[in-house]
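Keep in mind that the numbers below use all heavy atoms, side chains included, and drop hydrogens, waters and symmetry copies.
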Amino acid sequence: MNPLALTIFLLSLAIGTTITLSSYHWLLAWVGLEINTLAIIPLMTKIPHPRAIEAATKYFLTQAAASALLLFSSLINAWQTGEWNIDSISHLPMNALSIALMMKLGLAPLHFWMPEVLQGISLSTGLILSTWQKIAPMTLLLQTSHLINLDLTIILGFTSILVGGWGGIGQTQLRKIMAFSSIGHLGWMIVVLKFNPSLTLFNFIFYVIMTASMFFSLMTISATKMSEISASWSKTPTLTTSTLLILLSLAGLPPLTGFAPKLLISLELVKQNATLLAALIMLASLLALFFYLRLTYVVSLTLPPNSPNSLSSWRTSTKTLPITAIVNTLALILLPITPTLLIFL
């Protein structure tokens, strides 16, 4: 892609998110979300492949439907209350608006677009879709968390954790696995949204760090299938080891970064007398743990036939190595400084 065009699209992504983050008016928030949607579509189709065109079309249709629902619900709210402020919204439009934002995030049962779109685009665009594109809708949900319907968040959150684990079990494509991983993590955030919004923000920050590190690792070793990641051990042992640990961090195993959000959310739910819900989501997340452990097994304990034992045939992208090293470090060792981060939130 032309560097000038790429710069314009990336700047548009940044501007769209910034407009939504700084808005106090529903129309302005909607404009920011629209700019975000329109800016990423050319990035999806930068490789002119039928799968990429299909992915961009699916993404556009689902995001347009969610934006239309968001605009409709904010119009109904303005008709009822006479105000466009994000804080002042009545109950009926709030349910429709929450569903629209959750559809933009890709929460179950509104998740069907997410794995298909992520599978059809490149890893770099998938990174943007899985991290940056989630910031604006999640911010709007956090701003309206005190008005959101508790039953809606619990049902959609639990369903997302269940679907995120169940959907990822039968996959061999790494991008689809990352899509279902994203759905599962968002489920954990939404479950605790009404009880403790700052904990949702904390989980979201950790999710962005861990997902970004996984995508950067996959981009560096140029792997999109399980068979390709199994062949990476003989080529880049160090990076493959860190990828293995990131997968365990995404699974939420101690003493890695991903353990902190799961522990704190479970404790918060127990504190709110929702012990049964905490037990159910922990049991549902065991499904996701299975496919993370299966991936770590494929990465570390299997070696394809006829693979060289020497490090002669390097197949890594050196352009992403410095940022991969930084993000991987954050994705693995943030657990000890969790109390410090919680003070700021």
For residues 8-17, which side-chain donor-acceptor pairs fall under 3.5 Å, sequence neighbours excluded?
{"unit_1": "Ser12", "atom_1": "OG", "unit_2": "Ile8", "atom_2": "O", "d": "2.8"}
{"unit_1": "Thr17", "atom_1": "OG1", "unit_2": "Leu13", "atom_2": "O", "d": "3.1"}
{"unit_1": "Thr17", "atom_1": "OG1", "unit_2": "Asn36", "atom_2": "OD1", "d": "3.3"}
{"unit_1": "Thr17", "atom_1": "OG1", "unit_2": "Asn36", "atom_2": "ND2", "d": "3.1"}
{"unit_1": "Thr17", "atom_1": "OG1", "unit_2": "Trp132", "atom_2": "NE1", "d": "2.8"}

Apply side chain to side chain contact (heavy atoms under 4.5 Å, CB included) to Met138 and Thr200, showing your working.
CA-CA 9 Å; Met138 183 57 77; Thr200 299; 4.1 Å; yes
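- Tracing side-chain contacts under 4.5 Å through hydrophobic residues (I, L, V, M, F, W, Y), one reaches Ile205 starting from Trp188; they form part of the same cluster.
- Taken together through direct or relayed side-chain contacts under 4.5 Å among Ile, Leu, Val, Met, Phe, Trp and Tyr, Ile333 and Ile209 form part of one hydrophobic cluster.
- When hydrophobic clusters are built by joining Ile, Leu, Val, Met, Phe, Trp and Tyr residues whose side-chain heavy atoms come closer than 4.5 Å, directly or via intermediates, Phe112 is not grouped with Leu110.
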Side chain to side chain contact (heavy atoms under 4.5 Å, CB included) for Ile281 and Lys262? Distances and angles first, verdict last.
CA-CA 10 Å; Ile281 64 170; Lys262 285 186 168 57; over 6 Å; no
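- Between Leu332 atom CG and Leu334 atom CG the span is 9.0 Å, to the nearest 0.5 Å.
- Considering all non-hydrogen atoms of both residues, Leu142 and Pro197 come closest at CD2-O, 3.3 Å.
- In this structure the side chain of Thr153 reaches within 4.5 angstrom of the side chain of Leu150, judged on heavy atoms.
- Residues Ser74 and Leu27 form no side-chain contact, since every pair of their non-hydrogen atoms from C-beta on lies 4.5 Å or further apart.
- Separation of atoms OG1 (Thr139) and NZ (Lys134) is listed at 13.0 Å; rounding is to 0.5 Å.
- Smallest separation of non-hydrogen atoms from Ser67 and Lys104: OG-NZ, 3.0 Å.
- Cluster annotation: Leu245 and Leu330 are assigned to the same hydrophobic cluster (Ile/Leu/Val/Met/Phe/Trp/Tyr, side-chain heavy-atom contacts under 4.5 Å, transitive).
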Determine whether Met44 and Val117 satisfy the following criterion, side chain to side chain contact (heavy atoms under 4.5 Å, CB included), listing intermediate values before the conclusion.
CA-CA 9 Å; Met44 288 179 170; Val117 169; 3.7 Å; yes
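- Between Leu107 atom CG and Met189 atom CE the span is 9.0 Å, to the nearest 0.5 Å.
- For residues 11-43, every residue pair satisfying the ring-ring contact (aromatic ring centres under 6.0 Å, His included) rule, not counting sequence neighbours, is listed here: His25-Trp84.
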Only distances under 3.5 Å count here; give the side-chain donor-acceptor pairs of residues 175-186 to other protein atoms, sequence neighbours excluded, each with its distance to 0.1 Å.
{"unit_1": "Arg175", "atom_1": "NH1", "unit_2": "Ile121", "atom_2": "O", "d": "2.7"}
{"unit_1": "Ser181", "atom_1": "OG", "unit_2": "Tyr292", "atom_2": "OH", "d": "2.4"}
{"unit_1": "Ser182", "atom_1": "OG", "unit_2": "Tyr207", "atom_2": "OH", "d": "2.7"}
{"unit_1": "His185", "atom_1": "ND1", "unit_2": "Ser181", "atom_2": "O", "d": "2.9"}
{"unit_1": "His185", "atom_1": "NE2", "unit_2": "Leu250", "atom_2": "O", "d": "3.2"}

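- Judged purely by atom type and a 3.5 angstrom limit, Trp113 uses its side chain to pair as donor or acceptor with the backbone of Met103.
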Apply the test side chain to side chain contact (heavy atoms under 4.5 Å, CB included) to residues Ile40 and Leu129: give CA-CA distance (whole Å), side-chain angles for both, the deciding distance (0.1 Å), then the verdict.
CA-CA 8 Å; Ile40 199 173; Leu129 182 64; 4.3 Å; yes
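- Counting heavy atoms from C-beta outward, Leu264 and Asn196 have side chains that stay 4.5 Å or more apart.
- Under the 3.5 Å distance criterion, the side-chain polar atoms of Asn85 are left unmatched by any main-chain donor or acceptor of Asp87.
- Contact detail for Gly168 and Arg294: the closest heavy-atom pair is O-NH2, 3.9 Å.
- Shown here for Ile35 and Ile19, the closest heavy-atom pair between the two residues is CD1-CD1, 3.8 Å.
- Side-chain contact between Ile265 and Leu199 is present, with at least one heavy-atom pair separated by less than 4.5 Å.
- Put simply, CE on Met102 and CG on Leu97 are 10.0 Å apart, with the number rounded to the nearest 0.5 Å.
- Here the side chains of Leu141 and Ile190 are in contact, with some heavy-atom distance below 4.5 Å.
- Here the side chains of Leu335 and Leu256 are not in contact, with every heavy-atom distance at 4.5 Å or above.
- Follow the hydrophobic side-chain contacts under 4.5 Å out from Leu247 and you never reach Phe259; the two are in separate clusters.
- In terms of modelled atom types and a separation under 3.5 Å, the side chain of Lys194 and the main chain of Ile148 share a donor-acceptor contact.
- Taking 4.5 Å as the limit, some side-chain heavy atom of Thr324 sits within range of a side-chain heavy atom of Ser217.
- In this structure, Asn328 CG and Ile246 CD1 are separated by 3.5 Å, a value rounded to the nearest 0.5 Å.
- Other residues, nucleotides and ligands place more than 12 heavy atoms under 6.0 Å from the CZ atom of Phe195.
- Here the side chains of Leu152 and Ile99 are in contact, with some heavy-atom distance below 4.5 Å.
- The heavy-atom pair separating Lys58 from Glu54 by the smallest distance is NZ-OE2, 2.8 Å.
- In plain terms, the two heavy atoms of Pro115 and His111 that are nearest each other are CD-O, 3.2 Å.
- Taking CD1 from Ile41 and NZ from Lys46, the interatomic distance works out to 14.5 Å, rounded to the nearest 0.5 Å.
- With Ile229 as the partner, the side chain to side chain contact (heavy atoms under 4.5 Å, CB included) test is satisfied by one option alone out of Thr224, Thr240, Ile221: Ile221.
- Between the side chains of Ser130 and Thr211, no donor N or O sits under 3.5 Å from an acceptor N or O.
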